[in-house]
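First the proteins, then the strands, lettered A, B, ... as listed; each starts at 1.
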Amino acid sequence: MKAVISSIVVAIILALIFSLPVLAQESGTITITMTGANDISISLDKTAWPLGNVTLNTDYYTSPPIEWCTLTVEGNCNVNTFIVGEDAEWVDNPSDYKWTLSNTGGNGEHIYGLWFRISGDTTRGPLSDGYVPITKTQSEFWPYSGGSGSSLAPGDTKQFGLKLLTPTSFYGGRQMQAHITISAVIA
Amino acid sequence: MVGRIKLAGLIAALLFILLPSCTLAQDSRFSVSPAEVYIDNLPLGEATEFELTIQNKEEPAHNFTIATFQPSKEERWEGRAEFPDNSWIRFSCPEIEVAAKSEVNITVTVTVPREQKWAGGDWEIWLGVTDESSDLLAVRLYVRLLVSTEPAVGTGTNAGLIAAIVLGIVLLGCGGYYYFRRKAKPQ
């Protein structure tokens with residue numbers, strides 16, 4: 001009887017010796033790596049463009065047209081930047097009336113166009129004049145596919161301007177408000 | 001001349017539009033850290049947490065929203081696939097006000113369902129922190145979240161291992177028993 005108990009104890013010890021390393025591998029630990037030193041930040045020196053009264057089917061440019069706003073990278077990591085627009089809404093009743101933002105930068109009835117141009121970018125965009133449509137789908141601001149530029153480093157700046165193309169027809173006497181979001185992600 | 005004045009009056013009456021609103025522009029300077037988070041070897045079915053810090057660098061308080069964003073393939077880092085389901089990521093506060101020149105921490109919880117099809121995943125998703133400004137231009141900062149789940153060997157290997165251990169114990173026990181029994185037998 002003593003031999004039986006001894007045998008089982010020895011067997012369990014041997015089995016555990018061989019299985020423990022394997023078990024240890026199976027119960028791996030989660031690793032969360034947060035590069036705490038990386039702090040992302042960009043700033044814009046202008047955020048409003050009070051246009052006043054506008055007429056239909058007309059282009060409006062910021063003043064100055066291209067160096068109107070300066071984007072500055074303020075964090076400590078290189079960034080890629082993007083831009084996205086929204087429909088313009090009637091301030092008094094946003095759900096009741098809007099101008100739809102065009103997918104191409106063009107206009108139509110209650111459809112308006114928004115464009116941006118970055119200083120120094122003279123050939124970018126569908127018309128090769130530097131102006132790029134802002135749509136409701138997030139797209140590259142800087143750098144961009146096919147361009148020679150690289151991601152922006154801390155302290156780098158980019159100047160840009162905006163262009164608004166009003167609809168071919170719209171309801172008058174209503175104050176409209178648009179939103180453009182410029183975003184950044186670590187490169 | 002009279003005809004020209006009439007026409008100008010008609011246009012002004014029909015197209016009295018302001019864009020954007022006349023509210024005063026508010027500066028927006030904030031940062032988010034860390035700019036990238038790696039979660040490696042995340043076990044299926046287990047929740048893991050980390051914190052994002054939003055720092056409002058301006059004098060007035062600002063409202064921020066936090067939401068997930070699926071980047072396109074071109075914007076994801078090499079080897080990273082689209083994160084399968086945004087609902088696996090939860091924020092302690094999807095909307096928060098940050099007082100002037102202060103910071104807050106947001107807890108982000110990531111849980112991947114306990115289904116073998118999600119094992120061995122290497123995914124990327126962005127967490128966007130947006131300054132909810134009423135101005136035309138707003139800033140959004142993204143945090144890159146890179147999640148890798150535990151390898152696919154999971155439960156099958158554990159079951160096999162347990163069976164092997166049991167079998168090993170039985171075999172070693174039997175072997176030991178017969179060894180001691182034979183040894184104990186008188187010659």
Are A/Val84 and A/Ile42 in one and the same hydrophobic cluster, where Ile, Leu, Val, Met, Phe, Trp and Tyr link if side-chain heavy atoms are under 4.5 Å apart?
no

Heavy atoms of B/Ser33 and A/Asp39 approach each other most closely as CB-OD1, 3.8 Å

Checklist entry - How about A/Arg124: does its CZ atom have over 12 heavy atoms from other parts shown lying under 6.0 Å from it? => result yes

Rounded to the nearest 0.5 Å, the CD atom of B/Glu75 sits from the CG atom of A/Asn80 at a distance of 8.5 Å

Self-check item: B/Val147-B/Val108 co-clustered via ILVMFWY side chain contacts under 4.5 Å
Solution: yes

Is the A/Phe82 ring parallel, tilted or perpendicular to the B/Tyr142 ring (thresholds 30°, 60°)?
perpendicular

Interface check, chain A: of B/Val32, B/Leu42, B/Ile39, most non-hydrogen pairs under 4.5 Å belong to B/Val32

- Message: If you count every heavy atom of other residues, nucleotides or ligands that lies below 6.0 Å from B/Glu132 atom CD, does the total exceed 12?
- Response: yes

Would you indicate whether the side-chain heavy atoms of B/Lys57 and A/Ser41 approach each other to under 4.5 Å?
yes

Rounded to the nearest 0.5 Å, the CD atom of B/Gln70 sits from the CD atom of A/Gln138 at a distance of 12.0 Å

Open item on the list: Hydrophobic clusters here meaning ILVMFWY residues chained together by side-chain heavy-atom distances under 4.5 Å, can you tell me if A/Leu162 and A/Tyr61 are in one?
Closed with: no

Turns out that what part of A/Leu71 lies under 4.5 Å from chain B's heavy atoms comes down to neither

Check this for me: A/Glu109, atom CD, are more than 12 non-hydrogen atoms of other residues, nucleotides or ligands nearer than 6.0 Å?
no

The reported gap from OG1 in A/Thr81 to CZ in B/Arg140 (rounded to nearest 0.5 angstrom) is 13.5 Å

Residues A/Ser43 and B/Arg29: closest non-hydrogen pair is CB-CG, 4.0 Å

So CD1 of A/Ile182 and CG of B/Leu141: to nearest 0.5 Å the spacing works out to 11.5 Å

Okay, B/Glu74 and chain A: the region with an atom under 4.5 Å from a heavy atom over there is neither

Those residues at least two apart in sequence (or on a different chain) that pass salt bridge (Lys or Arg N to Asp or Glu O under 4.0 Å) with B/Lys117 are B/Glu115

So CG of B/Leu137 and CD1 of A/Ile180: to nearest 0.5 Å the spacing works out to 5.5 Å

In this structure, CD1 of A/Ile40 is separated from CZ of B/Phe30 (nearest 0.5 Å) by 9.5 Å

| query | Same cluster or not: are A/Trp49 and A/Leu101 linked, directly or through other Ile, Leu, Val, Met, Phe, Trp or Tyr residues, by side-chain heavy atoms under 4.5 angstrom apart? | reply | yes

> Sub-3.5 Å donor-acceptor pair from the side chain of B/Arg144 to the main-chain atoms of A/Val185, do we have one?
Replying inline: no

Checklist line | ILVMFWY network linking A/Ile111 to A/Val54, side-chain heavy atoms under 4.5 angstrom | finding: no

